[in-house]
S.K.: 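The structure under discussion is supplied below as structure tokens; questions concerning it will follow.
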Amino acid sequence: MMNVSNREAAEVGKRLLAWYNESKRDLPWRRTSDPYKIWVSEVMLQQTRVETVIPYWTRFMERFPTVESLAAAPEEEVLKHWEGLGYYSRARNLQSAVREVHTKYGGRVPDTLEEISSLPGVGPYTSGAVLSIAYNVPVPAVDGNVFRVLSRLFLIEDDVSKPAARKKFEGLAEFLIPPGEASDFNQALMELGARICIPKSPRCPSCPLQEVCRSHKEGVQEDLPVKGKKKPPRPLDIATGIVRYEEKVLLTRRPLEGLLAGMWEFPGGEVDNGESHENALQRILWEKWALRLTVNSHFADVQHTFSHLHWNLQAYTCEVIGEPVAESETARWVNVWELADFPMPVAHQKLAKALQGLV
DNA sequence: GACTCGTGGTG
DNA sequence: TCACCAAGAGT
């Protein structure tokens with residue numbers, strides 16, 4: 001394997017497992033062996049910090065403790081429990097996959113790569129993580145931590161931001177798994193990356209692999225892993241209406257695909273080039289909701305940055321002219337104290353909070 | 001292979 | 001401040 005001997009691999013495994021047994025963190029999903037609960041934790045942990053996930057996972061397990069309970073739940077309640085975690089398609093994919101497990105596999109989470117990989121939202125990392133952690137199947141689970149640890153440990157200079165690098169790291173990670181130790185070893189690799197072999201200023205003096213680390217030997221550990229640069233977020237002007245009618249405000253639901261899929265928000269949309277926010281608001285509410293209104297005063301200015309977008313959101317209080325839009329699956333008139341019941345993106349939660357402060 | 005998809009923490 | 005980035009997946 002790639003210039004790595006069996007003896008070197010065994011040494012890495014031995015050191016890493018000893019370190020992990022001694023100092024692993026007491027995480028709530030490590031107190032269970034239920035593959036469903038481990039699966040949910042892995043989905044929540046995608047691109048999300050452990051400390052952030054803990055309270056979400058705990059609440060989620062209280063409300064949806066089994067495959068059956070999640071499969072039977074209303075989609076919006078699942079989304080509400082995901083509110084604030086981001087990447088909301090994870091929640092919809094998870095419930096969809098759980099329903100498939102319920103109907104197709106009798107409620108038992110599959111234990112083969114072939115089957116579990118076919119579930120929506122279960123990619124190369126999550127499939128390996130669930131199989132190895134829950135079933136101790138000797139397959140790799142390569143996440144950002146593993147890319148970083150292995151690139152330093154074996155001084156691999158491939159660009160880890162490119163999909164092509166994955167094959168090499170997966171092959172190496174699989175080769176390193178000590179016989180019968182897939183669960184602990186994979187978690188140990190990630191835990192080392194999260195606590196010792198961190199992105200900036202790695203804690204090499206505390207690392208159990210320091211003596212066998214190729215990049216530390218060369219003093220280049222800070223230069224790894226090699227990563228391409230990201231593009232800056234694209235700015236986007238958003239006009240939003242706080243539309244009131246008989247003590248209620250209008251909420252609309254976003255499409256089930258794309259940005260903030262299925263979340264509720266105050267109605268509005270993208271401002272065209274050169275158009276004023278006020279004009280855009282009247283145009284959009286007419287085009288989308290057949291709603292005529294007068295724009296009264298500027299209510300709030302909210303800036304929110306996503307991975308690839310930067311919203312410049314201007315909100316205005318508005319007044320309906322004539323008949324209000326009828327309620328539907330995608331439009332609801334709600335009292336301000338009911339806003340908390342709807343899953344909303346963070347930018348709109350700020351507006352909701354400001355609105356509640358007025359009444 | 002390059003984009004899209006959230007949010008909060010960090011140095 | 002701001003660029004980075006965190007137990008990635010879908011298109």
S.K.: Distance from A:S132 atom OG to A:I177 atom CD1, nearest 0.5 Å?
M.R.: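 CD1 of A:I177 is found 7.0 Å from OG of A:S132.
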
S.K.: Counting side-chain heavy atoms from C-beta on, which of C:dA6, B:dG6, C:dA9 comes nearest to A:P124?
M.R.: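 Selected nucleotide (nearest to the side chain): C:dA9.
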
S.K.: Examine B:dC5: is either OP1 or OP2 under 4.0 Å from a nitrogen or oxygen in the side chain of A:H308? Give yes or no.
M.R.: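 Looking at the OP1 and OP2 atoms of B:dC5, one of them is under 4.0 Å from a side-chain N or O of A:H308.
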
S.K.: Looking at DNA chain B, which of residues 84-93 of chain A put a heavy atom within less than 4.0 Å of it?
M.R.: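 Residues of residues 84-93 of chain A that come under 4.0 Å of DNA chain B are, in numerical order, A:G84, A:L85, A:G86, A:Y87, A:Y88.
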
S.K.: Out of C:dA7, C:dG8, C:dC5, which has the shortest distance to the side chain of A:Q47?
M.R.: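 It is C:dG8.
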
S.K.: Give a yes or no on whether a donor-acceptor pair under 3.5 Å exists between the nucleobase atoms of B:dG6, that is its base, and the side chain of A:T48.
M.R.: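 When only heavy-atom distances are counted, A:T48 does reach the base of B:dG6 through a donor-acceptor pair under 3.5 Å.
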
S.K.: What contact category does A:I133 fall into here, base, sugar-phosphate, or nothing, at under 4.0 angstrom with non-hydrogen atoms?
M.R.: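 Since no nucleic acid heavy atom lies under 4.0 Å of A:I133, the category is nothing.
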
S.K.: Using atom CG of A:L309 as one end and atom P of B:dG6 as the other, report the distance to the nearest whole Å.
M.R.: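 It works out to 10 Å between those atoms.
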
S.K.: Whole-Å distance between B:dG6 C1' and A:Q349 CD?
M.R.: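 For the pair A:Q349 CD and B:dG6 C1', the rounded distance is 12 Å.
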
S.K.: For DNA chain C, find the residues of residues 174-206 of chain A with a heavy-atom distance under 4.0 Å and give them by number; none if there aren't any.
M.R.: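 By residue number: A:M190, A:A194, A:P199.
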
S.K.: Could you check A:E76, A:E257, A:E75 and say which one makes a salt bridge (Lys or Arg N to Asp or Glu O under 4.0 Å) with A:R92?
M.R.: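 Considering A:E76, A:E257, A:E75, a salt bridge (Lys or Arg N to Asp or Glu O under 4.0 Å) with A:R92 is found only for A:E75.
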
S.K.: With a 4.0 Å limit, can you tell me whether A:R148 has a side-chain N or O closer than that to the phosphate oxygens OP1/OP2 of C:dA6?
M.R.: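 Looking at the OP1 and OP2 atoms of C:dA6, one of them is under 4.0 Å from a side-chain N or O of A:R148.
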
S.K.: Can you tell which of C:dG8, B:dG1, B:dT7 lies closest to the side chain of A:P163?
M.R.: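 From the listed options, B:dG1 comes nearest.
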
S.K.: Whole Å only: how far is the NZ atom of A:K231 from the P atom of B:dC5?
M.R.: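 Roughly 14 Å, once rounded to whole Å.
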
S.K.: Would you mind telling me which residue lines up with the more 5' stretch of DNA chain C, A:G228 or A:S127, judged by nearest nucleotide?
M.R.: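 Per heavy-atom nearest nucleotide, the more 5' residue is A:G228.
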
S.K.: Using the P atom as the point on both nucleotides, what is the distance between C:dA9 and B:dG8, in whole Å?
M.R.: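 22 Å, rounded to whole Å.
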
S.K.: Just to be sure I understand the rule, does A:V122 reach a base, reach only the sugar-phosphate, or reach nothing, if contact means heavy atoms closer than 4.0 Å?
M.R.: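 Since only primed, P, OP1 and OP2 atoms lie under 4.0 Å of A:V122, the category is sugar-phosphate.
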
S.K.: Looking at every strand, decide which applies to A:P120 at a 4.0 Å heavy-atom threshold: base, sugar-phosphate, or nothing.
M.R.: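 Answer is sugar-phosphate: A:P120 comes under 4.0 Å of backbone atoms only.
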
S.K.: Using a heavy-atom cut-off of 4.0 Å across all strands, would you classify A:R25 as base, sugar-phosphate, or nothing?
M.R.: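 Base contact.
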
S.K.: Go through B:dG6, B:dG8, C:dG8 for me and flag the one nearest to the A:Y125 side chain.
M.R.: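 Looking only at side-chain atoms, A:Y125 lies closest to C:dG8.
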
S.K.: Once you apply a heavy-atom cut-off of 4.0 Å, does A:T52 come out as touching a base, just sugar-phosphate, or nothing?
M.R.: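 The answer is nothing, as A:T52 stays clear of every strand by at least 4.0 Å.
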
S.K.: Is A:R30 touching bases, backbone alone, or none of the nucleic acid, heavy atoms closer than 4.0 Å?
M.R.: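 Here A:R30 touches the bases of the nucleic acid.
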
S.K.: Where the side chain of A:R49 is defined as all heavy atoms beyond and including C-beta, which of B:dT4, C:dA6, C:dA7 is the nearest nucleotide?
M.R.: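 Selected nucleotide: C:dA6.
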
S.K.: Determine whether a donor-acceptor pair (one donor, one acceptor, N or O, separation below 3.5 Å) exists between the side chain of A:T126 and the base of C:dG8.
M.R.: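 Absent.
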
S.K.: Is any side-chain nitrogen or oxygen of A:H304 closer than 4.0 Å to OP1 or OP2 of B:dG6?
M.R.: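 Result: no.
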
S.K.: What interatomic distance, in whole Å, is found between P of B:dC5 and the corresponding atom of C:dA7?
M.R.: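 Here C:dA7 and B:dC5 have their P atoms 23 Å from each other.
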
